[in-house]
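FYI, side chains are in, hydrogens and waters are out, and symmetry mates aren't considered; it's all heavy atoms of this structure. Naming: A, B, ... by sequence-line order, numbering from 1 per chain.
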Amino acid sequence: MTNIVSIQNIAGHVGEEITIQGWLYAKTGKGKIQFLQVRDGTGTMQAVLFKPNLPLETFEAGKRLTQESALIVRGVVKENERAPGVPGGYEIDTAELKVVQVAEEYPITPKEHGVEFLLENRHLWIRSRKQWALLRLRATVMRACRDWLDSHDYLEMSTPILTPAAGEGTSTLFEVDYFGDTVYLAQTGQLYNEANIYSFGKVYCFGPTFRAEKSKTRRHMTEFWMLEPEMAYCDLDGLMEMEEQFISYIVQRCLEERVEELKVLERDTSFLEKVTPPFPRVSYDDAVERIKKIRVETDDPELKALLEIEWGQDFGSPHETELTKLYDKPIFVYGYPTQVKAFYMEPWPNRPEVCKSVDLLAPEGYGEITGGSERISDPDLLLERIHHDNLPEEAFKWYLDLRRYGSVPHSGFGLGVERTVTWIAGIHHVRETNPFPRTLGRVYP
RNA sequence: UCCUCGGUAGCUCAAUUGGCAGAGCGAGCGGCUGUUAACCGCUUGGUUGGAAGUUCGAGUCUUCCCCGAGGAGCCA
């Protein structure tokens, strides 16, 4: 069979005889006509088998096909608005059907399934339409990240995954035996990025990161992908300007390139269309006041309890959720209390209790998708902060060196890929945005 | 680590006060020329998460354990 066509390009082949290589997603049939929904990885389209037009054995072979059987279909492409698929509206009038393998009874039926069952069968679940759309969207988000950064003179620098000590000294790390020594799986590449900017100016690292925290929420995984840009000669304002351009570009790329997938996900894209610079900037001080006001005004006693806050405390997810509901765009919350943030963040001028940190909160209640800051550039201040947090000075010797040889103001942030995709896709749980999610209590498959 | 909910057929669930463990879907066979989670008929389906206990009798009650989900804290 020749002229193999991808389903995503089917619109350009109407009237032609083509071949589709794929798998049977679903099948419905009547006595003399059968409809095969065929996936090929790029989309789904209908192949029609009409008994009078086919050799009997071909029609009978079609009847024996089970869900997820591998098959190759040849026939003429026709436009037909009744034909379902992604993109819909096209079908193939089957002339030849080659059965590559008849699949065994497939566990995931087109009916409802529970989360536990689906996660146990994740290796098969990714074939389902919604999961397929979600992971295609993820790939676009990741590529858009790289495209924007690469075209703005950022250089991708790999940072180590095996690291000698805690990046920030706070989160729980996975331990790995390293020829008798203990090393840790990286939870950030930031410190290495800070070294890299002094050679390359603007850099980013992009890879998996690991947190051994026992978090069981829809926003947490133990292994997730993080993108961390870092920029020399960049202060907090410069960071926010860069972030809003960057995030807006990613969202707009998804709207352009993943129309069908967002349709499958039933995403209301009107929210995404509003994601253009500038984003609202809210100081931590203001944010606390607003949350206090919401807390006073709510009649819900449960929400009242969750929203309890005093200046100086970090926000929890309920606080973030309520804040984002006040806006229809992502918002920056900047100037968090120094005591709740990492040691390396630059203090606010004349207000040492506040630091030049900024989180980006996605709208519609999704909350934090990036966290960043301007970093301390003064060697004495950085050393003082390391001592203040009781961190081992010896481990940070190289990091302190960076402040001794041409230190400049610099900033960076980390973006959680799965959280970003979750928001853009408008879905409930981050685990579905990773092909094989690792969560507390699940490392299979 | 804490709080809440859950575990019954391959899957999704039901089972009244402690009294014969059921339905839909899937799968198999047959029928149907426009299906969209097709429809109609027949067939197939069980270590009720595990252990112990109470009882004439436990899916149901008690104790312990295992597993999962949601949330909190922490974080992207």
Peer 1: Please determine, for B:rC5, whether a Watson-Crick or G-U wobble partner exists with both distances under 3.5 Å, and give it or none.
Peer 2: B:rG68
Peer 1: By nearest atom, which of the nucleotides B:rG73, B:rU33, B:rG34 is closest to the A:S215 side chain?
Peer 2: B:rG73
Peer 1: Between the side-chain atoms of A:E120 and the base atoms of B:rG68, is any donor-acceptor pair under 3.5 Å?
Peer 2: no
Peer 1: Taking all non-hydrogen atoms of both residues into account, name the closest pair between A:R219 and A:S317 and its distance.
Peer 2: NH2-OG, 2.5 Å
Peer 1: Does B:rA27 have a Watson-Crick or wobble partner in any strand here, with both distances under 3.5 angstrom, and which is it?
Peer 2: B:rU43
Peer 1: Hey, does the side chain of A:R219 come within less than 4.0 Å of B:rA72's phosphate (OP1/OP2), counting only N and O?
Peer 2: yes
Peer 1: If you only use heavy atoms from C-beta on, which nucleotide in B:rU33, B:rG28, B:rU35 is closest to the side chain of A:T66?
Peer 2: B:rG28
Peer 1: Tell me the interatomic distance from A:L36, atom CG, to B:rU33, atom C1', rounded to whole angstroms.
Peer 2: 15 Å
Peer 1: Which of the following nucleotides, B:rU35, B:rC75, B:rA69, is nearest to the side chain of A:F35?
Peer 2: B:rU35
Peer 1: Is any N or O donor-acceptor pair between the side chain of A:Q34 and the base of B:rU35 shorter than 3.5 Å?
Peer 2: no
Peer 1: Distance check, P atoms only: B:rG50 and B:rU8, in whole angstrom units.
Peer 2: 10 Å
Peer 1: Any donor-acceptor pair under 3.5 Å joining the side chain of A:T28 to the base of B:rG34?
Peer 2: no
Peer 1: Let me know which of A:W348, A:F332, A:W311, A:Y334 forms a ring pair (Phe, Tyr, Trp, His ring centres under 6.0 Å) with A:Y284.
Peer 2: A:W311
Peer 1: Considering non-hydrogen atoms only, spot the tightest contact between A:P87 and A:I7 and give its length.
Peer 2: CD-O, 3.9 Å
Peer 1: It should be established whether A:S317 places a side-chain nitrogen or oxygen under 4.0 Å from OP1 or OP2 of nucleotide B:rA72.
Peer 2: yes
Peer 1: Is A:R442 side chain donor-acceptor paired with the B:rC67 base, going by distance under 3.5 Å alone?
Peer 2: no
Peer 1: A:N434 and A:M221: which non-hydrogen atoms are nearest, and at how many Å?
Peer 2: CB-CE, 4.0 Å
Peer 1: Take the protein atom CZ of A:R64 and the nucleotide atom P of B:rG28, then report the distance between them rounded to whole Å.
Peer 2: 12 Å
Peer 1: Counting only Watson-Crick or G-U wobble pairs whose two distances fall under 3.5 Å, which nucleotide matches B:rC20?
Peer 2: none
Peer 1: Is the closest basic N to carboxylate O distance between A:E418 and A:R138 below 4.0 Å?
Peer 2: yes
Peer 1: Strictly under 6.0 Å, is that where the ring centroids of A:F343 and A:F396 end up?
Peer 2: yes
Peer 1: Side-chain N or O of A:K30 less than 4.0 angstrom from OP1 or OP2 on B:rG34?
Peer 2: yes
Peer 1: Please state how far atom CZ in A:R129 lies from atom C1' in B:rA37, giving the value in whole angstrom units.
Peer 2: 11 Å
Peer 1: If you only use heavy atoms from C-beta on, which nucleotide in B:rU35, B:rU33, B:rG34 is closest to the side chain of A:K32?
Peer 2: B:rU33
Peer 1: Find every protein N or O atom lying less than 3.5 Å from an N or O atom of nucleotides 8-15 of chain B, and list the pairs.
Peer 2:
| unit_1 | atom_1 | unit_2 | atom_2 | d |
| --- | --- | --- | --- | --- |
| B:rC11 | O2' | A:E112 | O | 3.1 |
| B:rC11 | O2' | A:H113 | ND1 | 2.6 |
| B:rU12 | OP1 | A:G114 | N | 2.8 |
| B:rU12 | O2' | A:E112 | OE1 | 3.1 |

Peer 1: Angle between ring planes, A:H113 versus A:F117, binned at 30° and 60°: parallel, tilted or perpendicular?
Peer 2: parallel
Peer 1: Please report the closest heavy-atom contact between A:E243 and A:L360, naming both atoms and the distance.
Peer 2: OE1-CB, 3.9 Å
Peer 1: Under 4.0 Å from OP1 or OP2 of B:rG71: is there any side-chain N or O of A:K216 that close?
Peer 2: no
Peer 1: Would you say a side-chain N or O of A:R218 is under 4.0 Å from OP1 or OP2 of B:rG70?
Peer 2: no
Peer 1: Ignoring backbone atoms, test whether A:H429 places a side-chain nitrogen or oxygen under 4.0 Å from the OP1 or OP2 oxygen of B:rG70.
Peer 2: yes
